[in-house]
Amino acid sequence: MPKQQQKQNFLHGALILSIAVALVKVIGAVFKIPLQNYILGDEGNAYFTVAYNIYATLFVAATAGLPVAISKMVSEAEALGRHNESRRVFRVALAVFFFIGVTGTSLMIIFSKQIAEFMNRPEANYAIMAIAPSIFFVAIISSFRGYNQGKGNMTPTAVSQVIEALGKLIVGIALSWWILERTGSLIYAAAGAIGGVSFGTVLSALYMMLVTRAKRPEFNDPVPLRSRGTVLGELLKIAIPITISSSILSITNLIDAAQINGLLESAVGFTSLEATKLYGAYGFAQTMFNLPAAFFLPIAVSIIPAIAAAMARGDKRSAGETITTSLKMSMLLALPAAAGLMSLGSPIMKMIYTRQQDAAAVAGPLLSLLSWSIPFVCLVTVTNAILQSLGRVYTPIITMTIGGVIKVAVNYMLVSNPDIHISGAPIGTLACYFIISAVNIGVILTVARPPKLISSFIKPAAAAILMGLAAWGVQVALMPIMGNTISTAIAVVCGVILYVVLVVAFKVLTHNDILLIPKGDKIARFIKK
């Protein structure tokens, strides 16, 4: 496959997944905003958040490594014309995923009470049980997604994500509202809301099984098929280090949540209810903080098969160019998101959580602090994928461990300070991701062609800073006249428009970069006019 076409496929795949992410986030907002504003509130949201954090940790442990390993091995096999082997990889992986899914779901149900108590929120026991089945179905989904991604087809992954989100929305809202009306219990209502997540994974798994076809061998591979044991061994060799590195940060986040709750009570002196509400407000800020981070994953998912296929063909130049393009596109998304949330953190929280103004007042400054971490979260996501594609699967284990230790240490020092308390948590997040991304980039520069740092980082940063200042100015000027909601919405729109203009004016994207974007030839002609 020509180098130009491969890079087009990489960006096309990223675009398809990004569109799906946008739809999923819109659906997620329709799910979470009324859920938090009208049904659960900050107390019920704390139970929901604890259960979801448990799920996220087991989700990463169960599915982080193998989908990447499948994608990498399938893309390498397809690049070398070994189509039958790519199907064997999928079938072996599916059997492994089935075992992992059953084990994960069983453990989550059996030890739900103990896990909830460890998180200092024993009331979250029912919510943890309600989300447990999703571990099994997500494991099944992941095997199908990895196979399709390895073949360069991102559409099934994108559609399945939207189906999963719709199932969560419809069932989660309806079930939580019905339970609250019948019982008046926020504990049970939170369990009903998170049960919608499980239902969504069931629908998504059914869709993936229907659209994916791994038929019996129909091609003559250039070399004999490797045994299932050999394939399994290579899958695990790639997957285990990736799973460990991903699990380290997820476990750190889990410890982080328990640590914050515990320190707010034991060190600062808040009551259990006060600490719960404060952590619930922090959960509001985390929800918005995680929004832009979700758009970085499509880039990471798309570059793994692209770089792996190029390296399998011995085309290091193409791999290096893909790395450069992925970093540049990542920063084009991350830097304006960080600047926008930094300058408009409080207005955005007050605009979204209209029925939870006390919680929004606390969450706004926390969101502004968290936004400093967004570019580094992006870099961690993308650079981890680059390292994994280059075969450096053990490097993220080291960097994630270092970052996790720093996060826990900074939290302990700052959250326990009565003058800082919950505001110390975002600072710990910043320290964690900054260190990880810095070390990752340093390693990449030693094994691949150095990216063009000026166009990838400095120019987008300058455009983002100017955009953030302008958005803040618009919001402050219009606030007394139009109120918070309208002034904030106008400020966001003005910021987006200004950022696009500045990207063009600063020539952040070269002519070749534009041509690689879907419909890039038309965009290039328009800009020249």
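Heads up: numbering here begins at 1 and tracks the sequence.
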Heavy-atom side-chain contact between [X] and [Y] under 4.5 Å:
X	Y	result
Leu333	Cys378	no
Val162	Ile27	yes
Thr287	Leu291	no
Asn148	Val211	no
Cys432	Phe376	no
Val74	Gln149	no
Lys72	Gln388	no
Ile100	Ile135	no

How long is the straight-line distance from [atom2] of [Y] back to [atom1] of [X], given to the nearest 0.5 Å?
X	Y	atom1	atom2	answer
Met209	Ile141	CE	CD1	8.5 Å
Gln161	Leu166	CD	CG	12.0 Å
Ile110	Ser112	CD1	OG	9.5 Å
Ile242	Tyr394	CD1	OH	10.0 Å
Ile435	Ile402	CD1	CD1	8.5 Å
Ile444	Leu390	CD1	CG	7.0 Å

All heavy atoms of Asn411 vs all of Gly424, minimum pair found to be OD1-O, 3.5 Å

Taking every heavy atom of Ala191 against every heavy atom of Ala130, the minimum-distance pair comes out as O-CB, 3.3 Å

(Q) Has Thr105 got a side-chain atom pairing as donor or acceptor with Val102's backbone, closer than 3.5 angstrom? (A)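 Pair absent, no side-chain N/O of Thr105 close to backbone of Val102.
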
In terms of relative ring orientation, are Tyr126 and Tyr188 parallel, tilted or perpendicular, with 30° and 60° separating the classes? perpendicular

- prompt: According to the interplanar angle, ranging from 0 to 90°, do the rings of Phe90 and Tyr147 count as parallel (below 30°), tilted (30 to 60°) or perpendicular (above 60°)?
  reply: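 Phe90 vs Tyr147 ring planes: tilted.
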
* Asked: With distance as the sole criterion, is a donor-acceptor pair present between the side chains of Thr429 and Lys407 under 3.5 Å?
  -> yes

State whether the number of non-hydrogen atoms from other residues, nucleotides or ligands found under 6.0 Å of Tyr207 atom OH is greater than 12.
->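 Yes, the 6.0 Å shell around OH holds more than 12 heavy atoms from other groups.
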
Residue pairs meeting salt bridge (Lys or Arg N to Asp or Glu O under 4.0 Å), one or both in residues 143-155, sequence neighbours left out, come to Glu78-Lys151, Arg145-Glu164

